[in-house]
Amino acid sequence: MTIKSYNEERFSDISENIKKIRERIALAAEKSGRCAEDISLMAVTKTVDSLFINHAIDSCGINLIGENRVQEFLSKKDGLHLENTEVHLIGHLQTNKVKMIVPHVTMIESVDSVRLAKEISKECEKIGRTMDILVEVNVGMENSKFGIDSVLLAEFLSEIGEISNIRVKGLMAIPPICENSEESRRFFSNMYNMFLDIKGKKIDNIDMQILSMGMSGDYAEAIEEGATEVRVGSSMFGKRVY
Ligand SMILES: *Cc1c(COP(=O)(O)O)cnc(C)c1O
């Protein structure tokens with residue numbers, strides 16, 4: 001197969017995948033008393049070539065992408081059509097990389113320490129901007145995962161609510177890997193309850209709008225349980241090749 005026809009085949013797969021994902025999102029949104037427009041669809045672009053990311057942006061209406069790694073994103077960004085596209089960082093962020101990424105993203109979804117929040121604040125102050133952030137919650141209390149423990153969340157939020165140049169917009173979670181997507185529901189539902197609970201507490205500078213959860217295998221369940229943003233990679237672009 002020629003390179004051209006290989007690319008064209010992938011373009012049409014991506015278009016088809018996004019169409020199907022949007023249909024499932026609409027259905028799941030309806031089940032939870034909302035509509036498709038209430039849910040943001042993030043295209044997770046780690047390992048994906050710019051050519052295919054641009055196809056999703058230019059031809060499939062994708063206007064939000066998520067990248068995991070600072071270095072990878074910086075090396076790809078100049079080739080991406082980002083004029084009308086938001087970029088969120090969704091992977092673990094080391095404090096020494098904050099400076100490099102802050103000018104290039106509209107949100108950091110993986111904030112999980114006061115130290116990191118302060119570093120983001122410091123770098124944002126230097127360039128005169130404010131960064132929207134989500135707090136990552138370790139909803140399955142797994143040792144192997146990043147994120148704030150659920151029981152410490154309220155305390156953490158009141159602490160980072162005091163920090164300038166950042167704005168807390170909501171919560172993000174990566175639940176434990178479950179046997180099937182039904183099993184993930186209890187984690188999603190725990191997250192939703194925390195989200196509502198904090199919203200009700202009216203903590204200073206905490207504006208609970210976004211609940212980012214659900215990936216390729218379970219985004220429909222996440223939406224049914226209250227997600228406002230889903231992060232979809234492999235079922236959009238195909239299996240990742242590292
Ligand atoms: C890779 C990744 C995703 C997307 O995973 P898929 O299963 O490919 O949809 C979502 N969120 C985070 C934080 C990721 O690292």
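Note that ligands are numbered from 1 as they come in the structure, with each ligand's atoms numbered from 1 the same way.
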Exercise. Does one side chain, of Glu229 or Ser212, offer a donor that lies under 3.5 Å from an acceptor on the other?
Worked result: yes

Problem set entry | Atoms in ligand 1 flagged as close to Ile174, the criterion being non-hydrogen separation under 4.0 Å | 13 (C)

Exercise. Side chains of Glu221 and Ser184: do they bring a donor and an acceptor to under 3.5 Å?
Worked result: no

For this session: Please check if the side chain of Lys76 supplies one atom and the backbone of Thr45 the other of a donor-acceptor pair under 3.5 Å.
Result: yes

For this session: Give the numbers and elements of all ligand 1 atoms closer than 4.0 Å to a heavy atom of Ser234.
Result: 6 (P), 7 (O), 8 (O), 9 (O)

Exercise. Taking 4.0 angstrom as the limit, do Glu67 and Lys77 come out as a salt bridge?
Worked result: no

Problem set entry | All pairs passing ring pair (Phe, Tyr, Trp, His ring centres under 6.0 Å) where residues 127-164 contributes a residue, at least two apart | His92-Phe146

Exercise. Under 4.0 angstrom from ligand 1, any heavy atom of Arg240?
Worked result: yes

Exercise. Tell me, which protein residue and heavy-atom name are nearest atom 3 (C) of ligand 1, and how many Å apart are they?
Worked result: Met215 SD, 3.6 Å

Problem set entry | Lys145/Glu142 ion pair, N-O < 4.0 Å | yes

Exercise. Arg231 heavy atoms, cut-off 4.0 Å: which ligand 1 atoms fall inside?
Worked result: 4 (C), 9 (O), 10 (C), 11 (N), 12 (C), 13 (C)

Problem set entry | Atoms in ligand 1 with a heavy atom of Gly233 nearer than 4.0 Å | 4 (C), 6 (P), 8 (O), 9 (O)

Problem set entry | For Glu224 against Arg185, the heavy-atom pair lying closest together | OE1-NH2, 2.8 Å

Problem set entry | Distance filter under 4.0 Å to Ser216 heavy atoms, resulting ligand 1 atoms | 6 (P), 7 (O), 8 (O), 9 (O)

Exercise. Can you tell me the protein heavy atom closest to atom 2 (C) of ligand 1 and the distance?
Worked result: Lys46 NZ, 2.5 Å

For this session: Please could you name the atoms of ligand 1 that Asn68 approaches to less than 4.0 Å, counting only its heavy atoms?
Result: 14 (C), 15 (O)

For this session: Can you sort out which atoms of ligand 1 are near Val232, meaning under 4.0 Å from one of its heavy atoms?
Result: 9 (O)

Problem set entry | Beyond-backbone contact of Asp13 with Phe237, side-chain heavy atoms, under 4.5 angstrom | no

Problem set entry | Element-labelled atoms of ligand 1 that are located less than 4.0 Å from some non-hydrogen atom of Ile90 | 11 (N), 12 (C), 13 (C), 14 (C)

